[in-house]
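As the structure is a prediction and not an experimental result, all values here were calculated from the model. These numbers come from the heavy atoms of this one structure, side chains and all, not from hydrogens, waters or symmetry mates.
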Amino acid sequence: MNLAIRYFTKSKKGNTKKIADYVSSYLGVEAKEVSDNLEEKADILFLINAMYAADIDKEVKEFLKANKEKIACLVNINSSASGASTLKAVKKVADKEGIPVSEKEFHTQASWIFINKGRPNEEDFARLGEFLSQFKAEE
């Protein structure tokens, strides 16, 4: 099974990058930014992103449009300080482009200024490991 990981962040805190690095280490697959298009078809694409101004960033949308033929299934992983999930916004774009989206999603809170200080934390990463374990079993 061919797995791919792409992430997008504009945060200086690096919450999304930390999550991408964890997923990369857990799955043994290099995490790349969404500016790096897929080279080959991904049976599962783990898309790691965050909510910005109540939506996903346009770079994430552009990546999905440019790579729609190479994504067999998209798994959404995201964090936000507000607690809002990006699944609905990702699914809206993916549906329009004909990209299947897994109903399995991982979402956690992230720190921003004084909100959710220290998140994601060890407990969040333990939950992420449990979430990812179901995909290792599918390999």
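Between Leu74 and Val90, some side-chain heavy-atom pair lies under the 4.5 Å cut-off. The shortest side-chain heavy-atom distance between Asn15 and Thr9 does not fall under the 4.5 Å cut-off. Between Phe135 and Met1 the shortest side-chain heavy-atom distance does not fall below 4.5 Å. A heavy-atom distance below 4.5 Å is found between the side chains of Thr16 and Ser79. With a 4.5 Å cut-off on side-chain heavy atoms, Tyr7 and Val34 do not count as touching. Thr108 is not listed as a side-chain neighbour of Ile77, based on a closest heavy-atom distance of 4.5 Å or more. A 4.5 Å side-chain heavy-atom check between Lys91 and Glu103 finds at least one atom pair inside the cut-off.
Scanning both residues, Ala84 and His107, for their nearest heavy atoms gives O-CE1, 3.0 Å. Residue Ala20 comes nearest to Ile48 through the heavy atom pair CA-CD1, 3.5 Å, listed as atom of the first residue, atom of the second, then distance. Taking both residues in full, the closest heavy atoms of Ala4 and Ala42 are given as CB-CB, 3.8 Å, listed atom of the first, atom of the second, then distance.
For the atom pair CD of Glu62 and OG of Ser35, the computed distance is 11.0 Å after rounding to the nearest 0.5 Å. The line from CG of Leu45 to OG of Ser102 is 11.5 Å long, rounded to the nearest 0.5 Å. Note: Phe46 CZ to Arg6 CZ = 13.0 Å, rounded to the nearest 0.5 Å. The CE atom of Met51 lies 7.0 Å from the CG atom of Asn78; values are rounded to the nearest 0.5 Å. Note that the CD1 atom of Ile5 and the OG atom of Ser25 stand 9.5 Å from one another [nearest 0.5 Å]. Rounding to the nearest 0.5 angstrom, the gap separating the CD1 atom in Ile71 from the CG atom in Leu64 is 5.5 Å.
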Does the pair Glu33 and Lys17 meet the rule for a side chain to side chain contact (heavy atoms under 4.5 Å, CB included), with working shown? CA-CA 9 Å; Glu33 294 186 32; Lys17 175 76 165 99; over 6 Å; no
Show your reasoning for whether salt bridge (Lys or Arg N to Asp or Glu O under 4.0 Å) applies to Asp57 and Lys61. CA-CA 7 Å; Asp57 194 88; Lys61 294 175 183 178; over 6 Å; no
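Partners of Glu39 according to the side chain to side chain donor-acceptor pair (under 3.5 Å) rule, which considers only residues two or more places apart in sequence or in another chain, are Lys32. Scanning for side chain to side chain donor-acceptor pair (under 3.5 Å) contacts around Ser85 gives Glu105, with sequence neighbours left out.
A donor-acceptor pair under 3.5 Å is absent between the side-chain atoms of Glu97 and the main chain of Ala94, judged by distance alone. Under a 3.5 Å cut-off, the side chain of Tyr22 and the backbone N or O of Phe125 do form a donor-acceptor pair. Between the side chain of Lys70 and the main chain of Leu38, a donor-acceptor pair closer than 3.5 Å is present.
Residues Arg127 and Asp124 are paired through a salt bridge, judged by an N-O separation under 4.0 Å between the basic side chain and the carboxylate.
Asp43 and Asn2 are not linked by any side-chain donor-acceptor pair at a separation below 3.5 angstrom, with hydrogens and angles left out of the test. Side-chain atoms of Asn49 and Asn76 include a donor-acceptor pair closer than 3.5 Å.
Taking the six-membered ring wherever Trp is involved, the centroid distance between the rings of Phe8 and Phe63 does not fall below 6.0 Å.
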